[in-house]
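Worth knowing before you read on, the calculation uses all heavy atoms, side chains too, and leaves out hydrogens, waters and symmetry mates.
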Amino acid sequence: MSIILPDRPGFYALVWEIVRQVPAGRVTTFSQVASMIPPPEGVKPEDYARLGARWVGDALNRVSLVDDPNIPWHRVINVRGTSSLPENSEGAALQRGRLRAEGVMPPDSEAVDLAAYGWEGPDPAWLAARGLLPPKPIKLNADGDAPAQMRLF
DNA sequence: CGTTTGACTACGC
DNA sequence: CGCGTAGCCAAAC
């Protein structure tokens, strides 16, 4: 890992290690990645479900500055199945292009079908060896669609 | 220094 | 394609 940065102890590094294992043709979500990392001391579990996702976003934001080929940041999307980068940004276009190239995002849609392409998570032994938790399944509607949710930023 | 700002999401209206 | 908000943290102003 060539990137050095201050962070809550190890959190960002764990995010990168997890994201590194998402294979081509699959995607994961901010919240799913967060669900594998135990909540830091003092963070209420019910809050962590939401806060952790945001921290994962922070971790990836740092990585994308370098675009480290070992860390497939483009395979991490929000729980709706869409890119969380600003709508018209270069990064969003790059992400969508890569996801389409990997065959998980239709050319005529902005959304990945999480039920079909969602990642099952790292090898359980790999997780256990690092003190990480089994990933929480991606939450889907009865339809199998990702939930609707507005963008905040 | 104090304030603002984000690659988020579950929940209450 | 509902909207606003809370929750915490690190960085940038």
Distance check, rounded to the nearest 0.5 Å: A/Arg50 atom CZ versus A/Lys44 atom NZ? 9.5 Å

How many angstroms lie between CG in A/Leu94 and CZ in A/Arg96, if you round to the nearest 0.5 Å? 10.5 Å

If we only count heavy atoms from C-beta on, is the A/Pro38 to A/Tyr48 side-chain gap below 4.5 Å? no

Rounded distance [0.5 Å steps], CH2 in A/Trp55 versus OH in A/Tyr12: 9.0 Å

Among B/dG6, B/dA7, C/dG7, the one nearest A/Arg50 by side-chain distance: C/dG7

Value in whole Å for how far the C1' atom of B/dC8 lies from CG of A/Leu85: 13 Å

Roughly how far, to the nearest 0.5 Å, is the CZ atom of A/Arg20 from the CG atom of A/Asn70? 5.5 Å

Per the atom types in the model, does the base of B/dG6 pair as donor or acceptor with the side chain of A/Arg54 at under 3.5 Å? yes

Given B/dA7, C/dA10, C/dG7, the nucleotide with the shortest approach to the side chain of A/Asp47: C/dG7

Rounded to the nearest Å, what distance is computed from the OH atom of residue A/Tyr12 to the C1' atom of nucleotide B/dA7? 12 Å

With rounding to whole Å, what would you report as the distance between B/dA7 and C/dG2 at their C1' atoms? 23 Å

Rounded to whole angstrom, note down the P distance from C/dA10 over to B/dA10. 22 Å

Considering only side-chain heavy atoms of A/Trp73, which listed nucleotide, B/dT9, C/dC9, B/dA7, is closest? B/dA7

Tell me: NZ of A/Lys44 to P of B/dC11, nearest whole Å? 14 Å

Which nucleotide in B/dA10, C/dC8, C/dC9 has an atom nearest any side-chain atom of A/Leu51: C/dC8

What's the CD-P distance between A/Glu87 and B/dG6, to the nearest Å? 16 Å

Can you tell me which nucleotide in B/dT9, C/dA11, B/dA7 comes closest to the side chain of A/Arg62? C/dA11

Interatomic distance at P, B/dT4 relative to C/dT5, whole Å: 15 Å

Quickly work out the A/Ile77 CD1 to B/dT9 C1' distance and round it to whole Å. 15 Å

Give the table of side-chain donor-acceptor pairs shorter than 3.5 Å for residues 116-129 of chain A, with sequence neighbours excluded, one pair per line with atom names and distance.
from     : atom 1 : to       : atom 2 : distance (Å)
A/Glu120 : OE1    : A/Arg26  : NH1    : 3.1
A/Asp123 : OD1    : A/Ala125 : N      : 2.8

Here the distance between atom P of C/dC1 and atom CG of A/Asn78, to the nearest Å, is 14 Å

Name every residue in residues 24-33 of chain A that has at least one heavy atom under 4.0 Å from any atom of DNA chain B, in order of residue number, or write none if there are no such residues. A/Phe30, A/Ser31

To the nearest angstrom, how far is A/Leu14 atom CG from C/dC9 atom P? 17 Å

For residues A/Phe30 and A/Arg54, determine if any side-chain heavy atom of one lies less than 4.5 Å from a side-chain heavy atom of the other. no

Shortest side-chain distance from A/Val79, nucleotide among B/dA10, C/dC9, B/dA7: B/dA10

Tell me the interatomic distance from A/Arg98, atom CZ, to B/dA7, atom C1', rounded to whole angstroms. 14 Å

Does A/Glu110 pair with A/Arg100 as a salt bridge, N-O distance under 4.0 Å? yes

Tell me which of A/Gly57 and A/Glu46 sits closer to the 5' end of DNA chain B, going by the nucleotide each one is nearest to. A/Gly57

